[in-house]
A.B. asks: 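Sharing a structure below in structure tokens format, with a few things to ask.
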Amino acid sequence: MASKLEKHYDPKAIEPKWYDKWIEEDLFHGDPAAGGEPYCVVIPPPNVTGILHMGHALNNTIQDILVRWRRMQGRNVVWLPGTDHAGIATQNVVERALKKEGKTREDLGRDKFIERVWEWREEYGNTIINQLKKLGSSCDWERERFTMDAGLSDAVAEVFVRLYDKGLIYRGNYIINWCSRCHTALSDEESEHADMNGKLYYIRYPVRGDNKRDHIVVATTRPETLLGDVAVAVNPNDDRYEGIDAAEIILPVLDRPLKVIRDEFVDPEFGTGIVKVTPAHDPNDFEMGNRHGLEPINVMNGDGTMNEAAGPYEGMDRFECRKKILADLEKAKLIEKIEDHKNSVGHCYRCDTVVEPRLSPQWFVKMKPLAERAVEVVKDGSVEFVPARWTKVYLEWMENIRDWCISRQIWWGHRIPVFYCDDCGHEWAEKGAPAACQKCGADKIRQDEDVLDTWFSSWLWPFSTFGWPGSNEDLKCYYPSHDLVTASEIIFFWVARMIMAGLEFMDDIPFSKVYIHGTVRDDKGLKMSKSLGNSIDPLDIIKEFSADALRFSLTMLTATGQDVYISSEKFEIGRNFGTKLWNAARFMQMHSEGLDVSEALSSPVEDAALLCADDKHILASLSEAVADCEENLGRYRFNDAAHVLYDFVWSKFCDWYVEYSKETLYGDDADRKRQVLKVMHHVFANALKLLHPIMPFVTEELWHAMGYNASDEYIMRAQWPKSFAPDQMTEWGITPEIVSYVDSRHELVRTGRSLKADYSIAPSKKVDFVIKPADSDIAHLLEQDQVTLRNLLRAEELQLDDDYQPDKATPSALGKLGTIYMPIKGIIDPSTEIERLKEQQAQVEKNLGNVNGKLQNMDFVKKAPKHVVAQQEDKKAELIETRDKLQRLIDTLSNL
RNA sequence: GGGCGAUUAGCUCAGUUGGUUAGAGCGCUUGCUUGACAUGCAAGAGGUCACAGAUUCGAGUUCUGUAUCGCCCACCA
């Protein structure tokens, strides 16, 4: 034994120790030169500003399970970690810090501000990385990347220039989503829609030159935008407004004349059938404006205040302006009515401010040409989503993809590599820092002020992190990667774009499988978030329980792709399981003095003749658990894998085999003792291996404490178990018959125990049992196992008797192996007993009725497979036997 | 408005290609200081598988519809 286990399992001491050791021994690092089939996972880079939440914990646990499993299978593994510079989020954090000093970023100026952000990153940027380490993530830290690294920035510029030169990046004046707090444009994906209880205001616009009406009514949810109205629109087929086309509409408050246009977009059914047209502040109106040659009027500043075009409202905040304008309209009696109105309003995904549609010059990527191949590779199965239902979501988005707004009016990020010559007006994209105009050679050039969307660097992650655009061994070996593990929220933001970028720049898919796991929610079903205050901090769980407990519980609770509901007591499953493992190990240590465990690792069998039925049974169970675990991992059914292992270790190994082993281990047959210990260690060592991907720390600790490190120094580099070969099983005499016999014997023991419990006899109280075997073969087997049975049943005497005649009040129960009797010699009151038996009998009668019904159904008998019919017949025979026995017992008792 | 998911024990959830008696954890009841473990052991109670139809010899599982809850997408002011 390597070291004696403490009675108390203390994960806090164990977990950091092994993590450091693994790092020290360089066990997480992958090297192309090492050979072997590559297996690569790239981490979804968390924001540098991030702190670990349950979503990360789940995401990284799953990745670590895959990665540790593949490593043990001998694959050449790299799990590439890193962080995202998170443009807006990080800039916000640093600006908030500045605010405390009473400064703004403008006070510092661009260069100084960026310097400050870098300083911030140096100081706090590693928080989440360190937290990932606490979780046990076996990332290849030597390859850690940051999306603003020199290398990645180079890749970003390279990609921009290539797309620009190809005509796939363009600049244009369009309506984009504008966050007036972050002061920047957002992509469509960054504007999160939320249903709001708003109002629909019906406003009267005076009409001149129309003898049919003196005003019209338009409906709007954003009255302040009327200041930017340039027209009103009516559906071409709406004849209610005949004669209006030539009329002059007067914009209230500003008294500006408005045109009347006819446009298909207008839905005559909605509101009054007349729409105000505000091209600078609404995407539909913008389109309509373009169709009808209307000049947009922008009435807002970037910070959400009204500009000089807003006339008397200049300088007001947009919401303040709304109030004021409503009051003014009210005064002028221009409000016809106000209705409650539900609509969905975009919010900034970083600060939750209401997004303002705004007309402004921005950079865009043409997505359609990129999307084509990305659709194909998913359709032809080269890239596969797990669960498959996400395929549809992906394709739906891809087939309706819109251009991507990539420019941001912030400072923290990759500056757009476009240059303008003030002399000749030339515009070009170029990597690096040119000193003069590419065309005319003048040195009066300037770079575009904007930076790129954060996701413009993320979409290159699977190859930029391996040194692209350069070519090297790493890139050759580890691209494409294999599994991408992420949440559904970023399929559009990230997954889809990575597929497009991979195909465009590497001419190959970035990964072959996309595993989409669920969202972590609290026990009320709300998404866990800091702002809601409902989050359970994974680090608190690690402190209270352990990282292993956290990982195991999360794995156990996460059915494929389903959302996970968490409350802190759920982590007790993992904690208790860890303790169970620990104590099983301690038990084995107590009995393994002087044993060479490394022998047990290579083979569980010393002498096949020494193997008893239970030894064979547990070996067969191990073999089955190995196969099941492997299959479930391969199908991304992590909860099933965890479940298989939990059941194997707890029920099969601890509850049955360890209990069974006591008769040998506390006995004095040295040969048997050695054999049983060999089986135990073999089974336990393999169970530890199977559990290692899920619970890396405690398995490594026990691996060493048990001395298994004599064969493989670290469990994390040990060879993944294989099921026993059929020949091997035959050689050891492990047959389906033996396995099923032991299963039935467990049933018999349970039955015997429940007899005791039924009569409120303490489990530890020794009573006599008599077993009447079903046939002579079974009698023979039971005879060999008499001692075992006596121990497991805690029986005083255990008699096997072919034609036992139960005395008056002997309770009995039927099992596959025969009938078990517990002579109780008058302890029981016959009348209560009769009543109980009659209830049982009624149940049996009912079941018998069901079975008979089935068997009398000729359709069933003819069409169902033979084995199914046979099962029903067996069942019937069994029931009849039970019924008769119950009757006999009742008769005996009645005769008392 | 479109799409997706969920509905199974008191609670939280599994349940694969239809096939013996629908499972687990927690909670509950009863009994246990049984020489690894009370973070434990043993035995138990508890289910009209949301509802209505259809297919089938047979449906928790397949199909259609309904209801409720949740999520995602969407430019009706």
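In the text below, chain A, chain B and the rest are named by the order of the sequence lines, each starting its count at 1. Values reported hereafter were calculated over all heavy atoms of this structure, with side chains retained and with hydrogens, waters and symmetry mates removed. All of these numbers come straight from a predicted model, not from anything done at the bench.
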A.B. asks: Quick one: list whatever passes side chain to side chain donor-acceptor pair (under 3.5 Å) with Lys7(A), sequence neighbours left out.
C.D. replies: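 With sequence neighbours excluded, Lys7(A) shows a side chain to side chain donor-acceptor pair (under 3.5 Å) to no residue whatsoever.
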A.B. asks: State which of A14(B), A77(B), C37(B) makes the closest approach to the side chain of Asn343(A).
C.D. replies: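 Minimum distance to the Asn343(A) side chain belongs to A77(B).
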A.B. asks: Please determine if Arg745(A) and Glu747(A) form a salt bridge, counting it only when a charged side-chain N lies under 4.0 Å from a carboxylate O.
C.D. replies: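 So Arg745(A) does not pair with Glu747(A) through a salt bridge.
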A.B. asks: Please evaluate residues Lys570(A) and Glu572(A) with respect to the criterion salt bridge (charged side-chain N to carboxylate O under 4.0 Å, His left out), reporting the C-alpha separation (whole Å), side-chain torsions for both, the decisive distance (0.1 Å), and the verdict.
C.D. replies: CA-CA 5 Å; Lys570(A) 297 225 166 137; Glu572(A) 289 173 10; over 6 Å; no
A.B. asks: U39(B) C1' sits how many Å from Leu581(A) CG, rounded?
C.D. replies: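 My rounded result for the distance is 12 Å.
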A.B. asks: If you measure from the P atom in G18(B) to the same atom in U61(B), how many Å do you get, rounded?
C.D. replies: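 My reading of the P atoms in G18(B) and U61(B) gives 11 Å.
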A.B. asks: Among residues 645-654 of chain A, which contact RNA chain B at a heavy-atom distance under 4.0 Å?
C.D. replies: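 The answer is Tyr646(A), Trp650(A), Cys654(A).
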A.B. asks: Using a heavy-atom cut-off of under 4.0 Å over every strand shown, decide if Glu659(A) touches base, sugar-phosphate, or nothing.
C.D. replies: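 It contacts base atoms.
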A.B. asks: Does any donor-acceptor pair link the side chain of Arg635(A) with the base of U16(B) at a separation under 3.5 Å?
C.D. replies: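 Between U16(B) and Arg635(A), which were checked side chain against base, a qualifying N/O pair under 3.5 Å is present.
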A.B. asks: Distance check needed: C41(B) P versus Lys580(A) NZ, whole Å only.
C.D. replies: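 These atoms are roughly 4 Å apart.
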A.B. asks: Whole Å only: how far is the CD atom of Gln589(A) from the C1' atom of G35(B)?
C.D. replies: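 My rounded result for the distance is 17 Å.
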A.B. asks: Heavy atoms under 4.0 Å, any strand shown: does His281(A) hit a base, just sugar-phosphate, or nothing?
C.D. replies: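 Answer is nothing: His281(A) stays at 4.0 Å or more from every strand.
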A.B. asks: Using a 6.0 Å cut-off, check whether atom CG of Asn400(A) has over 12 heavy atoms from anything other than its own residue.
C.D. replies: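 Counting other residues, nucleotides and ligands, CG of Asn400(A) exceeds 12 neighbours.
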A.B. asks: In plain terms, say whether Arg635(A) and Glu631(A) are close enough for a salt bridge, that is, a side-chain N and a carboxylate O under 4.0 Å apart.
C.D. replies: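 So Arg635(A) pairs with Glu631(A) through a salt bridge.
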A.B. asks: Which is true for Asp282(A) with a 4.0 Å heavy-atom rule: it touches a base, it touches only sugar-phosphate, or it touches nothing?
C.D. replies: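 The residue Asp282(A) makes no contact with any strand.
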A.B. asks: Distance check needed: A43(B) P versus Leu792(A) CG, whole Å only.
C.D. replies: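 Answer to the nearest Å: 11 Å.
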A.B. asks: Between Leu200(A) and Asp188(A), which has a closest nucleotide on RNA chain B that is more 5'?
C.D. replies: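 Closer to the 5' end of RNA chain B: Asp188(A).
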A.B. asks: Among the nucleotides C75(B), A14(B), C72(B), which one has an atom lying closest to any side-chain atom of Phe492(A)?
C.D. replies: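 Looking only at heavy atoms from C-beta outward on Phe492(A), the closest nucleotide is C72(B).
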A.B. asks: Could you work out the separation of U29(B) and A9(B) based on their C1' atoms and round it to a whole Å?
C.D. replies: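 To the nearest whole Å, 15 Å.
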A.B. asks: State whether the number of non-hydrogen atoms from other residues, nucleotides or ligands found under 6.0 Å of Lys12(A) atom NZ is greater than 12.
C.D. replies: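 Yes, enclosed.
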A.B. asks: How close or far is atom P of A42(B) from atom NZ of Lys662(A), stated in whole angstroms?
C.D. replies: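 After rounding, the gap between these two atoms is 10 Å.
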A.B. asks: Between the side chains of Arg575(A) and Asp548(A), is the shortest nitrogen-to-carboxylate-oxygen separation below 4.0 Å, so that they form an ion pair?
C.D. replies: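 Salt bridge between Asp548(A) and Arg575(A), a charged N being under 4.0 Å from a carboxylate O: no.
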A.B. asks: Any idea how Phe577(A) and Trp650(A) line up, ring-wise: parallel (<30°), tilted (30 to 60°), or perpendicular (>60°)?
C.D. replies: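 Parallel, since the angle between the ring planes stays under 30°.
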A.B. asks: What nucleotide, of A77(B), U39(B), G5(B), holds the atom closest to the side chain of Arg389(A)?
C.D. replies: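 Comparing A77(B), U39(B), G5(B) against the side chain of Arg389(A), the answer is G5(B).
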A.B. asks: When you check the side-chain N and O atoms of Ser191(A) and His347(A), is any donor under 3.5 Å from an acceptor?
C.D. replies: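 No - no donor-acceptor pair under 3.5 Å links their side chains.
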A.B. asks: Tell me, what's RNA chain B's dot-bracket, Watson-Crick or G-U with both distances under 3.5 Å, | for other-strand, [ ] crossing?
C.D. replies: (((((((..((((.....[...)))).(((((.......))))).....(((((..]....))))))))))))....
A.B. asks: Counting the atoms with a prime plus P, OP1 and OP2 as sugar-phosphate, which does Phe265(A) contact under 4.0 Å by heavy atoms, base, sugar-phosphate, or nothing?
C.D. replies: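 The residue Phe265(A) makes base contact.
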A.B. asks: Which residue, Phe587(A) or Thr221(A), contacts RNA chain B at a nucleotide closer to its 5' end, judged by nearest heavy atom?
C.D. replies: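 Between the two, 5'-proximity favours Phe587(A).
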A.B. asks: When you measure from the side chain of Ser344(A), which nucleotide among A74(B), A77(B), A14(B) comes out closest?
C.D. replies: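 Comparing A74(B), A77(B), A14(B) against the side chain of Ser344(A), the answer is A74(B).
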A.B. asks: Taking the P atom of each, how far is A6(B) from U64(B), in whole Å?
C.D. replies: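 14 Å, rounded to whole Å.
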A.B. asks: Can you pull out every salt bridge (charged side-chain N to carboxylate O under 4.0 Å, His left out) where at least one residue sits in residues 642-653 of chain A? Sequence neighbours excluded, please.
C.D. replies: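 Pairs touching residues 642-653 of chain A that pass the test: Asp647(A)-Lys652(A).
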A.B. asks: Starting the side chain at C-beta, find the nucleotide from C72(B), G35(B), U34(B) nearest to Arg794(A).
C.D. replies: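 Looking only at heavy atoms from C-beta outward on Arg794(A), the closest nucleotide is U34(B).
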A.B. asks: Find the distance Lys276(A):NZ to A77(B):P and express it as a whole number of Å.
C.D. replies: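 Whole-Å distance recorded here is 12 Å.
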A.B. asks: Establish, from distance only, whether the side-chain atoms of Asp188(A) and Asn177(A) form a donor-acceptor pair under 3.5 Å.
C.D. replies: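 Present: a donor and an acceptor within the cut-off.
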A.B. asks: Distance check needed: A14(B) C1' versus Tyr636(A) OH, whole Å only.
C.D. replies: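 About 21 Å, once rounded to whole Å.
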A.B. asks: Parallel, tilted or perpendicular: which fits the ring planes of Phe638(A) and Tyr636(A), with parallel below 30° and perpendicular above 60°?
C.D. replies: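 Aromatic pair Phe638(A)/Tyr636(A) classed perpendicular.
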A.B. asks: Quote, to the nearest angstrom, the C1' distance that separates A45(B) from G27(B).
C.D. replies: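 The answer is 13 Å between these two C1' atoms.
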A.B. asks: Determine the contact category for Val658(A): base if any of its heavy atoms lies under 4.0 Å from a base atom, sugar-phosphate if only primed atoms, P, OP1 or OP2 are that close, otherwise nothing.
C.D. replies: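 The answer is base, as Val658(A) lies within the cut-off (heavy atoms under 4.0 Å) of a base atom.
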A.B. asks: Please give the distance between the C1' atoms of U20(B) and G2(B) as a whole number of Å.
C.D. replies: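 Comparing C1' positions in U20(B) and G2(B) gives a spacing of 44 Å.
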A.B. asks: Taking the same atom, P, in C63(B) and in C26(B), what whole-Å distance lies between them?
C.D. replies: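 Result for the P pair: 35 Å, nearest Å.
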A.B. asks: Among C37(B), A77(B), U12(B), which nucleotide sits nearest the side chain of Asn583(A)?
C.D. replies: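 Side chain of Asn583(A) sits closest to C37(B).
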A.B. asks: Can you name the side chain to side chain donor-acceptor pair (under 3.5 Å) partners of Arg586(A), sequence neighbours left out?
C.D. replies: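 Arg586(A) satisfies side chain to side chain donor-acceptor pair (under 3.5 Å) with Asn583(A) once adjacent residues are dropped.
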A.B. asks: With a 4.0 Å cutoff (strictly under), does any side-chain N or O of His193(A) reach OP1 or OP2 of C72(B)?
C.D. replies: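 For C72(B), neither OP1 nor OP2 has a side-chain N or O of His193(A) closer than 4.0 Å.
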A.B. asks: To the side chain of Thr579(A), which of G25(B), A43(B), U39(B) is closest?
C.D. replies: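 Nucleotide nearest to Thr579(A)'s side chain: U39(B).
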A.B. asks: Taking CZ from Arg586(A) and P from G40(B), how many angstroms apart are they, rounded to a whole number?
C.D. replies: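 So the CZ-P distance, Arg586(A) to G40(B), works out to 14 Å.
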A.B. asks: Identify whether any heavy atom of Arg575(A) sits under 4.0 Å from a base atom; if not, whether one sits that close to sugar-phosphate; answer base, sugar-phosphate or nothing.
C.D. replies: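 Base contact.
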A.B. asks: When rounded to the nearest Å, what value does the distance between C1' atoms of C73(B) and U56(B) take?
C.D. replies: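 About 38 Å, rounded to a whole number of Å.
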A.B. asks: Quick one: are the ring centres of Phe385(A) and Trp390(A) less than 6.0 Å apart?
C.D. replies: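 No, they do not, as the ring centres are separated by 6.0 Å or more.
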A.B. asks: Quick one, Tyr349(A) with Phe493(A), criterion ring-ring contact (aromatic ring centres under 6.0 Å, His included). Give me CA distance, side-chain angles, the key distance, then yes/no.
C.D. replies: CA-CA 12 Å; Tyr349(A) 86 138; Phe493(A) 273 120; 5.5 Å; yes
A.B. asks: Could you check which residues of residues 392-403 of chain A get a heavy atom under 4.0 Å from RNA chain B? Sort them by number, please.
C.D. replies: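 The answer is Lys392(A), Arg402(A).
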A.B. asks: If we take the C1' atom in both C41(B) and C49(B), what is their distance in whole Å?
C.D. replies: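 Between the two C1' atoms, the distance is 32 Å.
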A.B. asks: For the side chain of Asp267(A), starting at C-beta, report the closest nucleotide among C37(B), U39(B), C76(B).
C.D. replies: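 Comparing C37(B), U39(B), C76(B) against the side chain of Asp267(A), the answer is C76(B).
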